[in-house]
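First up is the structure itself, then whatever we jot down about it.
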Amino acid sequence: MTVRIIDPLTGDLDGVYEVIRLCHEEENAVEPPRTRAEVESFMRHPPESDVRGYWVAEEDGAVAGFAQLAGDRESPVLRVQVLVHPDARGRGHGTSLLERVTETGGGLGARELIGSHATEAGSRFAARAGATDSQREIRSLLRLPAEGSAAAVPGYRLESWVGAAPERLLDSFARAREAINDAPVASDEDIAVWDGARVRDLEAALERRDRDIRVTVAVDGRGEVVAFTELRVSRVPSRIANTEDTAVVAEHRGRGLGRWVKFESLQRLHADRPEVELVTTDNAEQNESMLNLNRSLGFAAVCVHTSCVLELQG
């Protein structure tokens, strides 16, 4: 067995994609896996603010496992994923990959690594590695169109865009994105910090990936963004879109803004991209308000990911 770092810009990713595909089908047989092009694009075009690392474990010249490390270079928390081909487990591939990941993460100054598991095998691996289970994330799937309706909220208006945020809304949109910090998180260290530059960095990365950012916001009487939802979808014909963050600024909650922006966003997606049949979302198990909202729109749970936190020694 050998473990080596790979460069996604120059490396052959056939074996990597096969491992990702098989592990996805094992934990979530209902949701279609990301396409090969989407996986390659994600790996090859990160935001400038991110750090990324990719490794493979090889056995007899074939890819037996894959690991990635990702996150904001200024954050004390990095995200980790370790996957092992179902036919190559129990031979130390995952452990060897995690050793390389933790060494790199520690060298970058991270205090914690956050991963997740959705199978018994994944749970056992996380426990052996010394990771502590944190919150459970419900993965849900909607078959468009969305169900029900949404009432307009007096005193607010909706705006939607595809691609870059309008310059006049950029700063308040960035501030509104930090409202997601009130949602349950796997670690108290995992805090989102946003400004206009980070928004533009993310937009540029998604442009390189050939994916559309579809945003709907609620704007108050002062012209400030106070609620938002974001969908991402590949520009090539695709069956599935992914929900990113949805949040309402604290002082504007309890008025129906979350439902209004989400319903509008889903309706626009269905009208603009009729080939998109499915939309995904993830919510913490204890976030009942958002789970109830999503269920009322037609989202149904398809699997559960348990976040786990691995503390790194200083």
Under the salt bridge (charged side-chain N to carboxylate O under 4.0 Å, His left out) test, which residues partner Asp182, sequence neighbours left out? Arg253
So which atom in Ala118 and which in Val304 form the shortest heavy-atom distance, rounded to 0.1 Å? CB-O, 3.3 Å
Considering all heavy atoms of both residues, which atom of Val248 and which atom of Ala227 are nearest to each other, and what is their separation? CG2-CB, 3.8 Å
Could you tell me the separation between the CZ atom of Phe228 and the NZ atom of Lys262, rounded to the nearest 0.5 Å? 10.5 Å
Output the distance between atom CD (Glu147) and atom CG (Leu142), rounded to the nearest 0.5 Å. 7.5 Å
Are a donor atom and an acceptor atom from the side chains of Asn28 and His305 found within less than 3.5 Å of each other? no
What closest approach, in Å, do Val225 and Ser172 show between heavy atoms, and which atom pair accounts for it? N-OG, 3.1 Å
I would like to know whether Arg235 and Glu207 meet salt bridge (charged side-chain N to carboxylate O under 4.0 Å, His left out); could you show each step before the answer? CA-CA 10 Å; Arg235 289 176 183 154; Glu207 181 69 26; 2.6 Å; yes
Looking at every non-hydrogen atom in both residues, tell me the closest pair between Val82 and Ala67 and how far apart they are. CG2-CB, 4.2 Å
Does either side chain, that of Ser296 or that of Asn294, offer a donor lying less than 3.5 Å from an acceptor on the other one? no
Judged by atom type as modelled, is there a donor-acceptor pair below 3.5 Å linking the side chain of Arg198 to the main-chain atoms of Val193? yes
Within 6.0 angstrom of Asp60 CG, more than 12 heavy atoms from elsewhere: no
May I have the step-by-step check of side-chain contact (heavy atoms from CB on, under 4.5 Å) for Thr95 and Glu99, ending in yes or no? CA-CA 6 Å; Thr95 299; Glu99 287 174 355; 3.8 Å; yes
Just wondering, are more than 12 heavy atoms of other shown residues or ligands nearer than 6.0 Å to CG in Asp188? no
Sub-3.5 Å donor-acceptor pair from the side chain of Ser41 to the main-chain atoms of Ala37, do we have one? no
Do you know which two heavy atoms are closest between Ser160 and Thr216, and how far apart they sit? OG-OG1, 2.8 Å
Given Leu98, Val84, Thr119, the one that forms side-chain contact (heavy atoms from CB on, under 4.5 Å) with Phe125: Leu98
Is there a chain of hydrophobic side chains (I, L, V, M, F, W, Y, each step under 4.5 Å between heavy atoms) that links Trp260 to Leu297? no
Do we see a donor-acceptor contact under 3.5 Å between the side chains of Arg211 and Asn242? yes
Glu203 side-chain N/O to Ala165 backbone N/O, donor-acceptor pair under 3.5 Å: yes
Tell me if the CD atom of Glu120 is crowded by more than 12 foreign heavy atoms within 6.0 Å. no
Audit row: His45, Asp210, side-chain hydrogen bond (donor to acceptor under 3.5 Å, both in side chains) steps and yes/no: CA-CA 10 Å; His45 302 293; Asp210 203 27; over 6 Å; no
Can you check whether Met1 reaches Arg91 side chain to side chain, under 4.5 Å on heavy atoms? no
Taking the side chain as every heavy atom from C-beta outward, state whether Arg136 and Thr306 have any atom pair closer than 4.5 Å. yes
Could I get the full list of salt bridge (charged side-chain N to carboxylate O under 4.0 Å, His left out) partners for Asp50, not counting sequence neighbours? Arg52
Under a 3.5 Å distance rule, please check whether Arg208 uses its side chain to pair with a backbone N or O of Pro46 as donor and acceptor. yes
Sidechain N-carboxylate O distance under 4.0 Å for Arg73, Glu48: no
Has the side chain of Asp220 got a donor or acceptor atom that lies under 3.5 Å from a matching backbone atom of Gly223? yes
Rounding to 0.5 Å, atoms CD (Glu224) and CZ (Arg175) come to a distance of 5.0 Å
Leu312 with Trp55, same ILVMFWY side-chain cluster at under 4.5 Å: yes
Quick one: does Arg239's side chain have a donor or acceptor within less than 3.5 Å of a partner on Pro32's backbone? no
Is there a side-chain contact (heavy atoms from CB on, under 4.5 Å) between Trp161 and Leu169 once you walk through the steps? CA-CA 11 Å; Trp161 62 82; Leu169 296 177; 3.8 Å; yes
Does Val3 form a side-chain contact (heavy atoms from CB on, under 4.5 Å) with Leu97? I'd like the steps, not just the answer. CA-CA 7 Å; Val3 174; Leu97 286 165; 4.0 Å; yes
Spatial distance of atom OG (Ser187) from atom CD (Gln135) [nearest 0.5 Å]: 10.0 Å
Could you pull out all residues at least two apart from Tyr156 that satisfy ring-ring contact (aromatic ring centres under 6.0 Å, His included)? His252
Would you compute the distance between atom CD1 of Ile180 and atom OG1 of Thr246 and round it to the nearest 0.5 angstrom? 7.0 Å
Minimum side-chain heavy-atom gap Ile138-Met290 below 4.5 Å: no
For residues Leu170 and Val249: do they belong to one hydrophobic cluster (side chain heavy atoms under 4.5 Å, members Ile, Leu, Val, Met, Phe, Trp, Tyr)? no
Cationic N near anionic O, under 4.0 Å, Asp212 to Arg214: no
Report yes if some heavy atom in the side chain of Leu113 is under 4.5 Å from a heavy atom in the side chain of Leu69; otherwise report no. yes
Do the side chains of Phe299 and Leu291 get nearer than 4.5 Å, heavy atoms only? no
Verify the neighbour count for atom CZ of Arg128: are there more than 12 heavy atoms of other residues, nucleotides or ligands below 6.0 Å? yes
Identify the two heavy atoms, one from Gln286 and one from Pro184, that lie closest to each other, and give their separation to 0.1 Å. NE2-CB, 3.4 Å
Do other residues, nucleotides or ligands put more than 12 heavy atoms under 6.0 Å from Glu311 CD? no
Pair Arg168 + Glu159, salt bridge at N-O below 4.0 Å: yes
Answer yes if Leu13 and Phe66 sit in the same cluster of Ile, Leu, Val, Met, Phe, Trp and Tyr residues linked by side chain heavy atoms under 4.5 Å apart, and no otherwise. yes
Give a yes or no on whether Val233 and Leu141 share a hydrophobic cluster (residues Ile, Leu, Val, Met, Phe, Trp, Tyr; joining criterion: side-chain heavy atoms under 4.5 Å apart). no
Glu38 and Ser234 side chains, donor-acceptor separation under 3.5 Å: yes
Which residue, Leu206, Leu202, Asp72, forms the side-chain contact (heavy atoms from CB on, under 4.5 Å) with Pro47? Leu202
Side-chain donor/acceptor of Asn181 to backbone N/O of Ile191, under 3.5 Å: no
Verify, without hydrogens or angle tests, whether Arg157 (side chain) and Gly221 (backbone) share a donor-acceptor contact under 3.5 angstrom. no
State, yes or no, whether a side-chain contact exists between Arg34 and Ile240 at a heavy-atom distance under 4.5 Å. no
Flag the pair Glu275 and Arg273 as a salt bridge only when some basic side-chain nitrogen lies within less than 4.0 angstrom of an acidic carboxylate oxygen. yes
With no hydrogens and no angle check, is any side-chain donor or acceptor of Thr243 less than 3.5 Å from a backbone partner on Thr280? yes
Separation between CG of Leu83 and CD of Glu18, rounded to the nearest 0.5 Å: 12.5 Å
Side-chain donor or acceptor of His24 paired with backbone N/O of Glu31 under 3.5 Å: yes
